[in-house]
Amino acid sequence: MSAETKHTCYEGCNVNIFQLYLQKSGEHAAILKCLQNALPAEFKRIGAGKSSLDVLGVGSGGGEMDVQILSLLQSAFPSVPITADIVEGSSELTDNFKALAAKTADLQKIQISWYTMSSEDYEKQVKAKEDVKKFDFIHMIQMIYYVKSLAESIKFHHGLLKNNGRLMIIVETANSGWDILWKTYKKELCVGSIIEYRASGEIIACLKDQGLKFEEHPVPNSFDITECFDQSSVTGERLLSFMTGTDHFYESFTPEVRAGILDILRNKCSTEKDGRVFFNSNLSCIFVHA
């Protein structure tokens, strides 16, 4: 999941838990593998005959994926001017992104504008302008869970696409471990920054409802959550906190709910191999046509 949350987004301790999750889950490596396979052909179609290219990143976190995306675009069109507008609600993660961008050679020629605000606030700001900037490529990686209205968010961002542009949404897959966990314990989990859990099934239904053309690419991933079942493990507790959207897993639920979550994580959301428990963290990468 991304770093965009309802109020202050990820700051301080929450950033550390988010970074631990990224380190343990291998999520960025799985996404990058998909992007390296899919984006060159997409960029070739998007950029054909254009004299400049504009990118919008929504919920970009620390920029690890944005840097890769922009580098791929730069290598596909080395002589074409590129701009990137970055929307991210966490000031701490935005600072991390700025530091990463400053030391990435491929990005030095790209003009980057920063918007440290929620996607909803960015939407309000754009709608208040008479002259609205349009984009060739918009990406929303692991952030669609946090928007108030899925249909409105997709409609708004799709409306910002230029001719032949693409909106890329990366989200947890229907029937993945995340989908099973968050829908089974919806009442207990959908109380903080995520008030309505959505996986790829909800996104695709919304796209179809709006009559939009799209393609879906699988992003297979799983990671070891064995430590989550050792109550004395600090790493296990921090992973459980991230996976349930809480500050402290063991302090946030009744013993019955905690036991139920641990049971479903082991028996419905994961597979066991050689005594280790691997969580099904499959994702979907969805390209929506302008």
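Residue numbers start at 1 and run along the sequence shown.
Within the structure, the salt bridge (Lys or Arg N to Asp or Glu O under 4.0 Å) test picks out no pair touching residues 281-290 (sequence neighbours left out). Identified under the salt bridge (Lys or Arg N to Asp or Glu O under 4.0 Å) test for residues 74-86, with sequence neighbours left out: D85-K133. Among residues at least two apart or in separate chains, ring pair (Phe, Tyr, Trp, His ring centres under 6.0 Å) pairs with a member in residues 85-104 are F97-W114. Applying the salt bridge (Lys or Arg N to Asp or Glu O under 4.0 Å) definition to pairs two or more places apart or across chains, those involving residues 254-275 are R266-E272.
Across all their heavy atoms, A290 and N164 have their closest contact at CB-N, 4.1 Å. The two residues S284 and T173 have their closest heavy-atom pair at OG-OG1, 3.2 Å. Heavy atoms only, all atoms of each residue included: G236 and S233 are closest at N-OG, 2.9 Å. Of all non-hydrogen atoms in K50 and D136, the two that sit nearest each other are NZ-OD1, 2.7 Å. H157 approaches I138 most closely through the heavy-atom pair O-CD1, 3.3 Å.
Annotation: K98, atom NZ; neighbour count of heavy atoms from other residues, nucleotides and ligands within 6.0 Å is above 12. The 12-atom threshold is not exceeded at CG of N163, counting heavy atoms of other residues, nucleotides or ligands nearer than 6.0 Å.
Listed by chain and number, the residues in a side-chain hydrogen bond (donor to acceptor under 3.5 Å, both in side chains) with S222 amount to none (sequence neighbours excluded). Every salt bridge (Lys or Arg N to Asp or Glu O under 4.0 Å) that D224 has, sequence neighbours left out, goes to R276. Here E216 pairs with nothing under the salt bridge (Lys or Arg N to Asp or Glu O under 4.0 Å) rule; sequence neighbours left out. Legend: residues meeting side-chain hydrogen bond (donor to acceptor under 3.5 Å, both in side chains) with Q231, ordered by chain and number and at least two apart, are absent. Partners of K24 according to the salt bridge (Lys or Arg N to Asp or Glu O under 4.0 Å) rule, which considers only residues two or more places apart in sequence or in another chain, are E227. The salt bridge (Lys or Arg N to Asp or Glu O under 4.0 Å) check on D66 picks up nothing, with sequence neighbours excluded.
A side-chain donor from one of Y197 and E172 sits under 3.5 Å from a side-chain acceptor of the other. Using modelled atom types, one finds a donor on one side chain and an acceptor on the other under 3.5 Å when comparing E215 with H289.
Across I154, V288, L167, a single residue satisfies side-chain contact (heavy atoms from CB on, under 4.5 Å) together with M140, and that is L167.
Contact of the R166 side chain with the L161 side chain is not registered, since no non-hydrogen atoms from C-beta on lie closer than 4.5 Å. The side-chain heavy atoms of L240 and L262, taken from C-beta on, include a pair separated by under 4.5 Å. Put simply, the side chain of D106 does not reach to within 4.5 Å of the side chain of L70, judged on heavy atoms. Residues I261 and F249 have side chains in contact (heavy-atom distance under 4.5 Å, counting atoms from C-beta outward). A 4.5 Å side-chain heavy-atom check between I141 and I69 finds at least one atom pair inside the cut-off.
Under a 3.5 Å cut-off, the side chain of N37 and the backbone N or O of K33 do form a donor-acceptor pair. Between the S25 side chain and the E27 main chain, a donor and an acceptor come within less than 3.5 Å of each other. Using modelled atom types, one side-chain atom of S75 and one backbone atom of L72 make a donor-acceptor pair closer than 3.5 Å. Between the side chain of N280 and the backbone N or O of C269, no donor-acceptor pair lies under 3.5 Å. With Q108 contributing its side chain and A101 its backbone, the two residues share a donor-acceptor pair below 3.5 Å. Judged by distance alone, the side chain of T254 and the main-chain N or O of V257 form a donor-acceptor pair under 3.5 Å.
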Side chains of residues 121-130: which donor-acceptor partners sit under 3.5 Å, not counting sequence neighbours?
{"unit_1": "D121", "atom_1": "OD2", "unit_2": "S118", "atom_2": "OG", "d": "3.4"}
{"unit_1": "E123", "atom_1": "OE2", "unit_2": "K127", "atom_2": "NZ", "d": "2.8"}

Under 3.5 Å, which donor-acceptor pairs do the side chains of residues 201-211 form with other protein atoms, sequence neighbours left out?
{"unit_1": "E202", "atom_1": "OE1", "unit_2": "K183", "atom_2": "NZ", "d": "3.2"}
{"unit_1": "E202", "atom_1": "OE1", "unit_2": "A199", "atom_2": "N", "d": "2.8"}
{"unit_1": "E202", "atom_1": "OE2", "unit_2": "K183", "atom_2": "NZ", "d": "2.7"}
{"unit_1": "Q210", "atom_1": "NE2", "unit_2": "A151", "atom_2": "O", "d": "3.0"}

Just do the salt bridge (Lys or Arg N to Asp or Glu O under 4.0 Å) check on K44 and E42 with the steps written out, would you? CA-CA 5 Å; K44 195 172 178 182; E42 289 293 339; over 6 Å; no
Residues K148, E120; criterion side chain to side chain contact (heavy atoms under 4.5 Å, CB included); working and verdict: CA-CA 8 Å; K148 288 173 188 168; E120 271 93 2; 3.5 Å; yes
Before you tell me yes or no, could you show the steps for F279 and W178 under ring pair (Phe, Tyr, Trp, His ring centres under 6.0 Å), namely the whole-Å CA-CA distance, both residues' side-chain angles and the distance that decides it to 0.1 Å? CA-CA 9 Å; F279 182 74; W178 293 107; 5.2 Å; yes
Side chain to side chain contact (heavy atoms under 4.5 Å, CB included), that's the test. Do Q19 and N96 meet it? Break it down for me. CA-CA 12 Å; Q19 301 293 5; N96 290 354; 3.9 Å; yes
Could you walk me through whether N16 and R238 pass the side chain to side chain contact (heavy atoms under 4.5 Å, CB included) test, one step at a time? CA-CA 9 Å; N16 295 334; R238 292 174 84 197; 3.5 Å; yes
Please determine whether side-chain hydrogen bond (donor to acceptor under 3.5 Å, both in side chains) holds for the pair T246 and T244, giving the CA-CA distance in whole Å, both sets of side-chain angles, and the decisive distance to 0.1 Å. CA-CA 6 Å; T246 57; T244 55; 3.0 Å; yes
Derivation of the ring pair (Phe, Tyr, Trp, His ring centres under 6.0 Å) call for F43 and F77: CA-CA 9 Å; F43 283 162; F77 300 98; 7.7 Å; no
Using side chain to side chain contact (heavy atoms under 4.5 Å, CB included), reason through I110 and T83 one step at a time and then give a plain yes or no. CA-CA 6 Å; I110 296 176; T83 74; 5.8 Å; no
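Atom-to-atom distance recorded for I31:CD1 and E64:CD is 10.0 Å, nearest 0.5 angstrom. Within the model, atoms CD1 of I195 and CG of L189 stand 14.0 Å from one another, a figure rounded to the nearest 0.5 Å. With rounding to the nearest 0.5 angstrom, the CG atom of L35 is 12.0 Å from the OG atom of S71.
If you chain together hydrophobic residues whose side chains sit under 4.5 Å apart, F223 and F278 never meet in one group. One hydrophobic cluster holds both L22 and V171 under the rule that ILVMFWY side chains link at heavy-atom gaps under 4.5 Å. When the side chains of ILVMFWY residues are joined at heavy-atom separations under 4.5 Å, either directly or via intervening members, L20 and Y250 end up in two distinct hydrophobic clusters. A continuous path of ILVMFWY side-chain contacts below 4.5 Å connects V132 to F156, so both sit in one hydrophobic cluster.
The pair K155-E152 fails the salt-bridge criterion, with no side-chain N (NZ, NE, NH1 or NH2) lying under 4.0 Å from an Asp/Glu carboxylate O. A salt bridge links K162 to D54: at least one charged side-chain nitrogen sits closer than 4.0 Å to a carboxylate oxygen.
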